[in-house]
Structure formats: structure tokens, C-alpha cells
2 protein chains.
Amino acid sequence: MAGEISGKTHATRALIGLRAKILSGELPGGMRLFEVPLAEQLEISRTPVREAMSRLAEEGLLDRVSSGGFVVRTFGMADVIDAIELRGVLEGTAARLAAERGASAEGLGKMRETVANLDACFSDSPGDVDFERYSELNAEFHTILAGLCGSEVVRREVDRVMRLPFASPSAFLPDKADIEAFRRSLNFAQEQHRALLSAIAGREGARAEAIAREHARTARNNLEYVLGEDRSLIERVPSLALVVD
Amino acid sequence: MAGEISGKTHATRALIGLRAKILSGELPGGMRLFEVPLAEQLEISRTPVREAMSRLAEEGLLDRVSSGGFVVRTFGMADVIDAIELRGVLEGTAARLAAERGASAEGLGKMRETVANLDACFSDSPGDVDFERYSELNAEFHTILAGLCGSEVVRREVDRVMRLPFASPSAFLPDKADIEAFRRSLNFAQEQHRALLSAIAGREGARAEAIAREHARTARNNLEYVLGEDRSLIERVPSLALVVD
DNA sequence: TGAACGGAAAAAGTATACATTAACCGGTGT
DNA sequence: ACACCGGTTAATGTATACTTTTTCCGTTCA
């Protein structure tokens with residue numbers, strides 16, 4: 001069949017399908033998810049549906065109801081702001097600890113390489129940016145940062161907050177090539193990437209933390225641009241589909 | 001029967017029982033948990049065992065194995081240090097945001113009341129502290145702090161990192177009444193509680209954040225005292241039972 | 001009127017049989 | 001000796017029947 005969802009087990013397919021429906025807003029915040037109808041709709045039994053919902057609760061997309069069952073978590077604009085703030089704080093901590101404790105040569109090397117590759121996204125001709133590749137490398141940069149201090153606990157929590165769709169570093173990037181304001185913010189963000197690398201390599205913990213926090217603020221600035229200047233853009237930001245406000 | 005574990009459903013009882021065995025170290029880090037033997041041991045079927053393990057994965061005490069199943073998460077001393085650091089960072093953020101955005105009158109009132117009640121734990125006679133009550137009120141203080149800025153996202157993540165047993169604010173408190181060093185640290189900690197409240201009420205965000213971070217450092221100091229000065233104390237700190245190093 | 005009770009319906013909780021997949025192990029070929 | 005292959009075992013994945021709990025609604029009584 002053509003429209004089948006990829007994945008090995010029924011539970012995995014249900015997980016992917018439900019996640020997509022939550023992120024798209026098809027299953028709105030506050031909606032209770034009942035096992036039987038979902039199982040019928042997905043043409044599987046209740047067991048893998050439960051398994052999928054349990055994993056979505058781990059991801060933070062569902063809440064457990066005290067009397068049993070799950071509801072879709074509700075996100076408002078305030079939650080988007082707070083999640084971005086938290087990403088900044090946690091990435092700031094990852095950066096500070098990497099600076100204070102020292103990062104491995106391999107980690108620093110990989111980050112240097114990623115920053116160089118990010119540079120290449122701009123260099124060809126002024127005003128023209130390879131957004132696709134930039135987005136990909138940007139995600140890579142943030143993944144490296146999360147693990148740079150060598151702490152599994154820190155990496156895990158940074159990853160966790162980045163997993164909320166609108167808090168991801170790439171949440172407001174793709175598809176915005178035509179907006180001049182976004183292009184400028186990209187140049188600024190790349191400057192911050194370089195500064196962050198320099199601060200960590202130079203063991204400047206406070207500076208690294210401050211830069212990482214301000215770097216996350218870029219996402220909030222983009223959000224506020226979308227909200228203030230050009231609200232019609234909201235529909236073009238996929239990660240905002242599940243936000244109600 | 002006398003030895004029965006409280007809880008409504010089989011899954012809840014399994015959750016409580018398994019959690020206790022992990023926290024006590026009876027199920028050591030790295031150990032894989034198999035459904036069938038556990039179900040037999042608990043005299044229930046596999047279904048509620050799976051449910052319990054899924055919830056423990058949400059808590060961060062179990063990891064999912066890629067090929068299916070769960071293993072007990074391994075914690076070393078470095079992870080304890082990092083978890084305390086993260087609690088400091090997140091509580092610092094909760095405090096800063098409460099100061100910057102302003103806390104509700106009720107929230108500030110409740111915190112003032114808790115601080116006053118904490119004072120009462122000391123006042124009776126010098127050198128004598130009601131540890132039981134202090135521990136309880138201390139937990140209350142930190143719970144209030146987590147929710148003080150009014151952000152559900154922040155409250156949730158602060159709560160989450162505090163749920164790791166050794167990162168809890170009360171992890172190193174109870175049962176230490178006989179150690180002079182711990183008594184002094186209690187007085188110091190209460191001073192920080194007062195300062196934190198004052199900073200938040202006075203809208204001093206940076207100060208509030210710095211105090212909250214340093215306050216969490218108290219836990220690390222106590223940990224290092226236990227590790228350095230008197231290693232025999234390790235056995236008397238229940239939350240360190242699952243730590244391997 | 002409105003609160004409390006009770007029963008029916010619907011939901012989650014549980015056990016269990018069966019299916020599928022991963023892991024282990026012993027043999028065989030080079 | 002070592003790697004690969006195949007089969008057996010043991011684990012998780014799934015469906016389903018059944019049980020228990022919760023919820024909702026209509027009725028009755030104060």
C-alpha cells in the first residue's frame with residue numbers, strides 16, 4: 001500500500017502516526033485519547049496503542065490523567081516562550097560546563113568543523129543562503145554542544161527540552177528564505193556559533209553561558225517577528241500548529 | 001497480609017515495588033529487567049509490569065533498550081554532581097523568572113510563611129534542630145519556588161530534575177542531626193532561603209538566580225563532606241544506595 | 001429544587017494465548 | 001582458530017477475552 005507509515009512494530013507506527021497528528025494540531029490540546037477508537041482507527045489492538053501513548057507521555061506530548069488514560073498536552077504561546085527560555089538556560093549550562101571542565105579534542109574538533117561547514121552555506125554569493133543545509137548543520141551544532149561537556153545527565157536534559165517541536169533550534173528556520181529579516185538573523189546566529197566555540201575553547205565559562213542563552217533568544221526574536229510583523233507567517237511555521245493561543 | 005504494598009492497581013504496586021528496589025540498589029544499574037520473571041516474582045501478569053516499567057522510564061530510572069525491554073539506569077558520582085548542578089540551574093531559572101516577571105501575592109505569601117515555619121525549627125534552643133520538620137518544610141519551599149513564576153513548563157522541568165533521588169533538596173538532610181558540620185550548613189541554607197525570598201520580592205533577577213544556584217551547591221558540599229571526611233556516612237544516605245562509584 | 005443514590009454504559013486494568021523477533025549456541029567450513 | 005551459518009530458545013510484540021473501575025444519567029427522597 002502507498003500510504004503506509006514506516007516503522008517496524010505496530011507500536012512504533014502508532015507512535016509516529018499519533019505524534020504527527022498531535023504536532024499538526026489534528027489532535028488538539030486537551031483532547032482525551034481513548035484506546036478503543038484509536039485502535040480501530042489505526043486497525044491495531046489496544047496494546048500497541050497504549051505503548052505508543054506511554055512513549056508520547058515520556059516525550060511530553062501527552063499527560064497522564066489521574067483516573068487513567070491520556071490527554072493531549074496544551075501549549076500556549078507562553079509555553080513556547082518558556083520552552084525557548086529553558087533551552088537557552090540548559091544549552092548555556094552545557095556550554096559553561098564544557099568551558100569550565102574542558103571539552104574533548106574530538107568534540108571541539110567536530111564543532112569547529114560544523115562551524116566551518118555552516119560558513120560555507122553563506123559564502124557562495126551574498127544574500128543567498130543554503131537553508132536546507134544550514135538547518136541540518138545548525139541541528140548538528142546544537143547536538144554537539146549538548147554532549148560537549150561529557151555529562152550524560154546534561155546531554156539528556158538538553159536533548160529533552162529541544163525535543164519540544166517549537167523549542168528546537170531549527171524550529172523557525174526552514175522555508176523563510178524570502179524574508180530579509182530572517183536572513184540577517186542567520187548571519188548573526190552564525191556569528192554567535194563562532195563566539196560560542198571561541199568561549200568554550202578559551203575556557204571562558206560565563207561568556208559561553210551568556211552567548212548560548214542569547215543565541216536561543218534568536219528563536220524568540222523570530223517568534224515575535226512572526227507574531228508581530230506578519231501574522232500570516234504563523235501558518236508557515238509547522239512547529240506552531242499545535243499551539244493554541 | 002502484612003507485607004503488602006499499598007496502591008490501587010497492580011501496575012501501581014509494581015511501580016512502587018520496582019522503584020524501591022532500584023533506589024535501594026537491589027536492582028543495580030545496568031541490570032536488564034525481564035518481564036516474565038518480574039511478573040512471576042510479583043505474582044501478576046506481564047501487562048502491569050510493562051506499564052510500571054514504562055512509568056519508571058518516564059521518571060528516568062529505567063532506559064529503554066533499542067531492541068526492546070528496559071535496563072536500570074546507571075548512576076555514578078559524576079551523575080550525582082551533574083544532577084545537583086542541573087537542579088541549581090533550573091531552580092535558579094525559576095527564581096530569576098519569578099523575580100523578573102513578578103510572583104503572585106499568594107505564592108510570595110506562602111513562601112514567606114514557609115520561611116517563617118523553617119525559622120521555628122531552629123528557635124527553641126540553640127544547637128537543637130527539628131530535622132524531621134525542617135526536611136518537610138524545605139521540600140515545601142522548593143516546591144513553591146518551582147511554581148512561583150507561574151510557568152507550567154518551568155515547574156514541570158524543575159520537578160523532573162528534583163525527582164532523581166540524590167538531586168532532591170532533602171537528599172542529604174535527614175538522619176544527620178549528630179554531625180556538627182550538617183547543623184551549620186542548615187543555618188546557612190536557611191539564610192539563603194531568606195535571601196532568595198528577598199531577591200524575588202525585590203525583583204532582583206540576577207541575584208535570585210545566583211542565590212538559588214549557590215543554594216543547590218549546599219547539597220554538593222554535603223556530598224563532598226560525606227565522600228571526603230567520613231566515607232562511612234555513605235551507607236546512611238539512602239539516596240546514594242543506587243550510585244555505583 | 002437539589003442533592004444523593006443506584007444502575008447502566010464505557011473506559012481502563014488485567015490475564016493469557018499466540019506471533020514475531022532477537023539472542024544465544026553449537027557446528028561447520030575455511 | 002575464527003568467522004559464519006542455522007536452529008533453538010527466550011525474550012518482547014500483539015490480540016483478545018474478561019474484570020474492575022469510573023463516569024454519567026435518571027430517579028428518588030429530603
Side-chain angles (χ1 to χ4, degrees), chain A residues 1 3-22 26-74, chain B residues 1 3-22 26-74:
Chain A
M1 211 193 283
E4 249 174 39
I5 301 175
S6 69
K8 263 190 343 183
T9 65
H10 288 172
T12 304
R13 283 189 286 272
L15 171 66
I16 294 169
L18 285 177
R19 187 196 283 128
K21 281 180 182 167
I22 293 167
E26 185 180 333
L27 296 174
M31 168 176 268
R32 179 140 180 206
L33 297 186
F34 295 111
E35 296 174 4
V36 175
L38 278 177
E40 284 170 359
Q41 192 180 324
L42 299 167
E43 298 182 282
I44 56 179
S45 76
R46 283 171 57 208
T47 312
V49 172
R50 274 171 85 93
E51 172 71 15
M53 292 199 293
S54 180
R55 285 167 185 255
L56 287 168
E58 282 182 51
E59 276 184 41
L61 292 179
L62 296 182
D63 283 332
R64 286 182 191 272
V65 178
S66 61
S67 60
F70 299 83
V71 293
V72 180
R73 187 168 164 194
T74 302
Chain B
M1 209 193 283
E4 249 174 36
I5 302 175
S6 70
K8 262 188 346 181
T9 65
H10 288 171
T12 304
R13 284 190 285 273
L15 171 67
I16 294 169
L18 285 178
R19 188 197 283 128
K21 282 180 184 168
I22 293 167
E26 186 181 332
L27 296 174
M31 169 177 268
R32 178 139 180 205
L33 297 186
F34 295 111
E35 295 174 4
V36 176
L38 276 178
E40 284 170 1
Q41 190 181 325
L42 299 166
E43 299 182 282
I44 58 180
S45 76
R46 282 171 56 208
T47 311
V49 172
R50 273 172 86 92
E51 172 71 15
M53 293 198 294
S54 181
R55 285 168 185 254
L56 287 169
E58 282 181 52
E59 277 184 41
L61 292 179
L62 296 183
D63 284 332
R64 287 183 192 270
V65 178
S66 61
S67 60
F70 298 84
V71 293
V72 179
R73 187 168 164 196
T74 302

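The sequence lines fix the lettering, A, B, ..., with proteins before strands; numbering per chain opens at 1.
The two residues A:P48 and A:A14 come nearest to each other via the heavy atoms O-CB, 4.4 Å.
In this structure, CG on A:D63 lies 11.5 Å from CG on A:L56, to the nearest 0.5 angstrom. Here NZ of A:K21 is found 10.0 Å from CG of A:L33. Values are rounded to the nearest 0.5 Å.
Extent of DNA chain D lying under 4.0 Å from chain A heavy atoms, first and last nucleotide in 5' to 3' order, is D:dG13 to D:dT23.
Between the P atom of C:dA12 and the CD atom of A:E51 lies a distance of 16 Å, rounded to the nearest Å. Atom pair B:R50:CZ and C:dG13:P shows a separation of 15 Å (rounding to whole Å applied). C:dA12 atom C1' lies 9 Å from atom CE of A:M53, rounded to whole Å.
Looking at residues two or more places apart in sequence or on another chain, you find a side-chain contact (heavy atoms from CB on, under 4.5 Å) between A:T47 and A:S45. Residues forming a side-chain contact (heavy atoms from CB on, under 4.5 Å) with A:E58 (at least two apart in sequence, or on another chain): B:S54, B:A57, B:E58, B:R64. In this structure, B:R73 has no side-chain hydrogen bond (donor to acceptor under 3.5 Å, both in side chains) partners at least two apart in sequence or on a different chain.
Note on residues 34-43 of chain B: pairs passing side-chain hydrogen bond (donor to acceptor under 3.5 Å, both in side chains), not counting sequence neighbours, are B:E35-B:R46, B:E35-B:R50.
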Inset, instruction - Determine, for nucleotides 16-22 of chain C in 5'-to-3' order, which nucleotides have protein heavy atoms under 4.0 Å from the base (write B), from only the sugar-phosphate (write S), or from neither (write -). - result: BB----S
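With A:L15 as the partner, the side chain to side chain contact (heavy atoms under 4.5 Å, CB included) test is satisfied by one option alone out of A:H10, A:R55, A:E51, A:M53: A:R55.
Rounded to 10 degrees, the angle separating the terminal helix axes of the helix from C:dT1-D:dA30 to C:dT30-D:dA1, each built from five base pairs, is 30°.
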Inset, instruction - Begin from the C-alpha positions of A:V72 and A:L62 and carry the test side-chain contact (heavy atoms from CB on, under 4.5 Å) through to its verdict. - result: CA-CA 5 Å; A:V72 180; A:L62 296 182; 4.0 Å; yes
Inset, instruction - Give the intermediate values and the outcome of side-chain contact (heavy atoms from CB on, under 4.5 Å) for residues B:L18 and B:L38. - result: CA-CA 9 Å; B:L18 285 178; B:L38 276 178; 3.8 Å; yes
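Residues from residues 31-40 of chain A lying near DNA chain C, meaning a heavy-atom separation below 4.0 Å, are A:R32, A:L33, A:F34, A:E35 in numerical order.
Where B:G69 and A:P48 each meet DNA chain D at their nearest nucleotide, the meeting point lying more 5' is that of B:G69.
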